[in-house]
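Numbering of residues begins at 1 and proceeds along the displayed sequence.
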Amino acid sequence: MKKFLIADDHAIIRYALKNILVESYPGAVVEEVDNAETLLVKVMQEPWDVVITDISMPGKSGLEILQDIRRLHPRMPVLVLSMHPEQLYAVRVMKAGGSGYLRKDMAMQELVTAVERVLSGKKYITESVAEKLAFSVCDDTNANPHEALSDREFEIAKLLASGMSLTEIADKLSLSITTISTYRSRVMKKMNLSSNAELTQYAISHNLL
């Protein structure tokens, strides 16, 4: 009997994914959580055949949770869902130990394929992501500034570039305003930028939004 754990803060997404899994794996146990902290608790309490988690939830980011799961269960397959295109997060997910990166707009068609692949001990990875991974291991002196950001810095940089205030970001990520301000300073220093307007312009020019 297979056991699947779905983590997403949107009930309709969880409902759709659960229905696909129940239909494809009769008798399977499929549980749902709506935040990163509960996901981590569930993983600590019992093993799962596959964990399917959104990359953007309140509290810890999906990438941070992925790293936490890897420390607890190095071999537990984790599929990461995202509404963002592959070029933004796929390489980061795979480097963090993810078993696969699946865009939400393709999840309904590709979920079972991805699950079958990771259950067999392999990675679910598209050809374009494979190319990006191969390129990323090279010593690329022309790497873009945003690629030097940590996963959390990158997440906050995107939110700042989208026009969100420090307070709004703090509420969204369940962090303090002081913490968000510190991350903003790191982002600006690493990217050699001086204002949110410059960050927004950079994000637009590099298709980060």
Side-chain angles (χ1 to χ4, degrees), residues 1-133 151-152 154-155 172-174:
M1 181 177 65
K2 299 299 182 185
K3 292 179 60 179
F4 302 105
L5 180 60
I6 299 170
D8 197 292
D9 55 340
H10 294 95
I12 191 169
I13 297 294
R14 299 196 306 271
Y15 176 81
L17 296 177
K18 182 175 183 178
N19 279 351
I20 292 172
L21 292 172
V22 169
E23 182 177 340
S24 301
Y25 300 93
V29 172
V30 183
E31 293 197 22
E32 311 168 38
V33 297
D34 61 3
N35 62 77
E37 284 67 29
T38 306
L39 167 60
L40 191 56
V41 169
K42 285 283 188 181
V43 170
M44 293 173 66
Q45 289 176 340
E46 54 187 313
W48 302 89
D49 290 296
V50 181
V51 173
I52 303 165
T53 179
D54 186 13
I55 201 169
S56 302
M57 291 186 291
K60 283 190 171 185
S61 72
L63 287 170
E64 288 178 305
I65 287 295
L66 174 56
Q67 292 164 359
D68 289 339
I69 293 174
R70 279 288 158 264
R71 284 191 287 269
L72 292 168
H73 301 285
R75 296 186 179 182
M76 184 180 292
V78 181
L79 281 173
V80 176
L81 294 173
S82 176
M83 61 179 287
H84 303 292
E86 291 177 340
Q87 65 264 28
L88 291 188
Y89 282 109
V91 171
R92 290 177 181 270
V93 166
M94 302 310 291
K95 283 186 173 181
S99 301
Y101 183 87
L102 191 59
R103 294 202 326 267
K104 286 188 177 181
D105 61 347
M106 294 297 295
M108 303 306 113
Q109 295 87 356
E110 290 292 317
L111 180 63
V112 175
T113 299
V115 168
E116 283 293 308
R117 189 160 181 83
V118 301
L119 281 174
S120 70
K122 300 177 181 178
K123 301 284 188 181
Y124 173 79
I125 185 170
T126 64
E127 183 177 344
S128 61
V129 172
E131 291 177 357
K132 290 180 176 64
L133 278 168
D151 294 332
R152 179 61 97 180
F154 181 66
E155 181 181 25
K172 178 180 177 62
L173 301 180
S174 300

Subject >> Pairs meeting criterion side chain to side chain donor-acceptor pair (under 3.5 Å) with involvement of residues 48-59, two or more places apart >> reply: Asp54-Lys104
Original post:
What's the spacing between Asp8 CG and Leu39 CG if we round to 0.5 Å?
Top reply: 11.0 Å
Subject >> side chain to side chain donor-acceptor pair (under 3.5 Å): pairs with one or both residues in residues 73-82, sequence neighbours excluded >> reply: Ser82-Tyr101
**OP:** Give the minimum heavy-atom separation between Leu81 and Ala107, together with the two atoms involved.
**Re:** CD2-CB, 4.2 Å
Original post:
Looking at residues at least two apart in the chain, or sitting in another chain, which of them share a salt bridge (charged side-chain N to carboxylate O under 4.0 Å, His left out) with Lys2?
Top reply: none
Subject >> Residues in side chain to side chain contact (heavy atoms under 4.5 Å, CB included) contact with Lys18, at least two apart in sequence or another chain >> reply: Ile6, Val22, Val30, Glu32
**OP:** Hey, could you give me the CD/CG distance between Glu46 and Leu5, rounded to the nearest 0.5 Å?
**Re:** 8.0 Å
Original post:
Hey, does Ile52 have a side-chain heavy atom less than 4.5 Å from the side chain of Leu111?
Top reply: yes
Original post:
Can you name the nearest heavy-atom pair linking Ser99 to Arg70, along with the distance?
Top reply: OG-NH2, 3.6 Å
Original post:
Does atom CE of Met44 have more than 12 heavy-atom neighbours from other groups under 6.0 Å away?
Top reply: no
**OP:** Output all residues satisfying side chain to side chain contact (heavy atoms under 4.5 Å, CB included) with Asp34, sequence neighbours left out; order by chain, then residue number.
**Re:** Arg14
Original post:
Is there side-chain contact between Glu155 and Asp151, with at least one heavy-atom pair below 4.5 Å?
Top reply: no
Subject >> With Arg103 via side chain to side chain donor-acceptor pair (under 3.5 Å) - residues at least two apart >> reply: Asp105
Original post:
Residues in salt bridge (charged side-chain N to carboxylate O under 4.0 Å, His left out) with Glu23, at least two apart?
Top reply: none
Subject >> side chain to side chain contact (heavy atoms under 4.5 Å, CB included) partners for Ser24, two or more places apart >> reply: Ile20, Val112
Original post:
With Glu110, which residues qualify under side chain to side chain contact (heavy atoms under 4.5 Å, CB included), at least two apart?
Top reply: Leu102, Met106, Thr113, Tyr124
**OP:** For Gly98 and Met94, work out which heavy atoms get closest and say how close.
**Re:** O-CE, 3.5 Å
Subject >> Test salt bridge (charged side-chain N to carboxylate O under 4.0 Å, His left out) applied to Glu31 - qualifying residues, sequence neighbours left out >> reply: Lys42
**OP:** Work out which heavy atom in Met108 is nearest to a heavy atom in Ala16; give both atom names and the distance.
**Re:** SD-CB, 3.9 Å
**OP:** With sequence neighbours excluded, give me every ring pair (Phe, Tyr, Trp, His ring centres under 6.0 Å) pair touching residues 15-37.
**Re:** Phe4-Tyr25
Original post:
Under 4.5 Å between any side-chain heavy atoms of Leu40 and Glu37, yes or no?
Top reply: no
Subject >> Side-chain heavy atoms of Asp9 within contact of Asn35, under 4.5 Å >> reply: no
Original post:
Nearest 0.5 Å, what's the CZ-CG distance between Arg117 and Leu119?
Top reply: 12.0 Å
**OP:** Sequence neighbours left out, what passes ring-ring contact (aromatic ring centres under 6.0 Å, His included) with Tyr89? Give chain and number order.
**Re:** His84, Phe154
